[in-house]
Protein chains: 2
Amino acid sequence: MVGEQTPRYHRIADDLRGQIERGELKPGEQLPTEWVLTEQYSVSRNTVRLALRRLTEEQLIVAGQGRGSFVRKRLPRAVWDWSQLESRSKHTSDAKGDQWASIVAESGRQPRQEVTVSIRRPPAEVAQQLQLDPETALTVVRERVRLVDNEPYALADSYFPEELVRGTPLMLPEDVSAPGGVLASVGLIQSHYQDEITVRMPTRAETERLSLPTATPVAVHQRTGYDSDGRPLRVMITILPGDRHVIRYDVPAE
Amino acid sequence: MVGEQTPRYHRIADDLRGQIERGELKPGEQLPTEWVLTEQYSVSRNTVRLALRRLTEEQLIVAGQGRGSFVRKRLPRAVWDWSQLESRSKHTSDAKGDQWASIVAESGRQPRQEVTVSIRRPPAEVAQQLQLDPETALTVVRERVRLVDNEPYALADSYFPEELVRGTPLMLPEDVSAPGGVLASVGLIQSHYQDEITVRMPTRAETERLSLPTATPVAVHQRTGYDSDGRPLRVMITILPGDRHVIRYDVPAE
DNA sequence: AAGTGGTCTAGACCACCCA
DNA sequence: GGGTGGTCTAGACCACTTC
């Protein structure tokens, strides 16, 4: 009853995927319930669930306990231009808030940030980037949840060496975005960034904080800012859900 | 028998994850078989499989039919510096091959590329980037599989407007990497790139071509090259498995 | 041939959402 | 309260790897 060429749940997934791609199942529309699919395909419920899991992993559907499974709405992705973000000249016309908030506001949606500030020993990776001793050094950590229309959109955690920002407004749990970045407001000028982007599945904590659908990968964007002497001033780690973001860079060829 | 606070398979996954993180299960080591885990935790095999699937999605283990489940070896990720890649000045000492091949060779491993060339109508997204009519335009497509020690590592597909490269060596299915990039060798100078990075789960075709473990996300890196007049010359789309790569950029702050 | 993970069945109760 | 997906059981046979 089992061994054909391809597993049954593959073929069920292929069939449903085709219906979605051909538009017979439209974005936002509810799929048949698992029980109905069980009857339609004459298989057990577990087999149906394997097929649905496959589609979930492909970002085609989302399931909610007690609600049903739905064809996923493809939101337009937000574009973050990291070669422009935090550029001083781009902020002359917009002294309040950062580029992210501006972009969101322009598209008619409500940006908001929740900020918490603490002083902590940094994670090993951050300590290395900041050239600090991971055993003894302290960092001021600004953890931000960026929300659009009250939906969590990204996590952005910044780490500053504690000695650099002691006694500055950076240590207040408020939105201190400013022209040239928050560091410029306390007299520290970043002249150069190094960005590193990695891709992975989210941790469970990130899944919760970002309300991520199952099997949504995230980009981890780590930006280290240096002053003109090459001294690291800050590490910012941004968690960008893959379904909501495009990362852009403009690069001169020489 | 069921409803505690957290599902059983969560706690089994947490337990095994802890063993891996504490080093009690070492990279490369085989996990107990599903049958043994069934007895150890006094649960059914399906519950064990749910726990193992969780760890698979977190990239901690890999399973092979007929072989067993193993703690994943964390390969050092390859760093691609896209603000340096294809820079002409960086190639003076290395006339043969691109920066990617150089980096791999320096780490003592064998780089190799498989190239196939065809002339095709471009996908809609590429046509838009190249400012071509998707109905009529033709592009020369160079599809590359980049391998390290004969293991597939990344896919890199380049699209050139057919009229720009007609009759040049670009249309030969050989490795034509050259100082300043392949386009420079036929007299076309890219003065500026626009890069866009997105994150998603791989398609089934990509999973096969890259031999990806289950639930490995990929970064899609799309680079559009422009000449000094702002005319697009090329689109390169690179598929980077998340477990093997770091994308790096150096960005001047102003 | 033995052992492993992959697929599949036919049930059951639980947790959550919505009318 | 009724319906949905989430978790779980106790079996079975298949496909692949290894010996």
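Here is the naming used below: chain letters follow the sequence lines, and residue numbers restart at 1 for every chain.
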Listed in order of residue number, which residues of residues 63-71 of chain B have a non-hydrogen atom at under 4.0 Å from DNA chain D?
Q65(B), G66(B), R67(B)

Contacts of N46(B) meeting side-chain hydrogen bond (donor to acceptor under 3.5 Å, both in side chains) (sequence neighbours excluded), chain-then-number -> none

Please state whether the phosphate of dT7(C), meaning OP1 or OP2, lies under 4.0 angstrom from any side-chain nitrogen or oxygen of Y9(A).
yes

Whole angstrom is fine here: how far is it from CD1 in I61(B) over to C1' in dG5(C)?
11 Å

Rounded to the nearest Å, what distance is computed from the CD atom of residue E34(A) to the P atom of nucleotide dC14(C)?
18 Å

Starting at atom CH2 of W35(B), determine the distance to atom P of dA2(C), rounded to an integer number of angstrom.
17 Å

Gap between atoms CZ and P, on R49(B) and dT7(D) respectively (whole Å)
16 Å

Salt bridge flag under 4.0 Å for residues D14(A) and R17(A):
yes

Which atoms of nucleotides 10-12 of chain D (N or O only) lie under 3.5 Å from a protein N or O atom, and what are those distances?
from    : atom 1 : to     : atom 2 : distance (Å)
dA10(D) : N6     : N46(B) : ND2    : 3.0
dA12(D) : N6     : R45(B) : NH1    : 3.1

Report the distance from atom CG of L52(B) to atom C1' of dG5(C), rounded to the nearest whole Å.
10 Å

Mind checking side-chain hydrogen bond (donor to acceptor under 3.5 Å, both in side chains) for R209(A) and listing every partner two or more places apart, or none if nothing turns up?
none

Report the residues that fulfil side-chain hydrogen bond (donor to acceptor under 3.5 Å, both in side chains) with E114(B), sequence neighbours left out, ordered by chain and then residue number.
R112(B)

Of all the nucleotides listed (dT4(D), dG5(C), dT9(D)), which has the minimum atom distance to the side chain of R8(B)?
dT9(D)

Interatomic distance, CD1@I61(A) vs CG@L55(A), rounded to 0.5 Å, equals 5.0 Å

L31(A) CG to dG5(D) C1', straight-line distance once rounded to whole Å:
12 Å

Would you check if P111(B) and Y153(B) make a side-chain contact, meaning some heavy-atom pair closer than 4.5 Å?
no

Looking at side-chain heavy atoms only, is the closest gap between L16(A) and Y41(A) below 4.5 Å?
yes

Mind calculating the distance between CG (L50(A)) and C1' (dG6(D)) to the nearest angstrom?
14 Å

Just jot down the side-chain contact (heavy atoms from CB on, under 4.5 Å) partners of V62(A), sequence neighbours excluded, or say none.
F70(A), R72(A), P213(A)

Answer yes or no: does a side-chain N or O of T33(B) lie under 4.0 Å from OP1 or OP2 of dG3(C)?
no

Kindly assign one of parallel, tilted or perpendicular to the pair W82(A) and H221(A), based on the angle between their ring planes and the thresholds 30° and 60°.
parallel

Can you tell me how far C1' of dT7(C) sits from CZ of R53(B), to the nearest Å?
11 Å

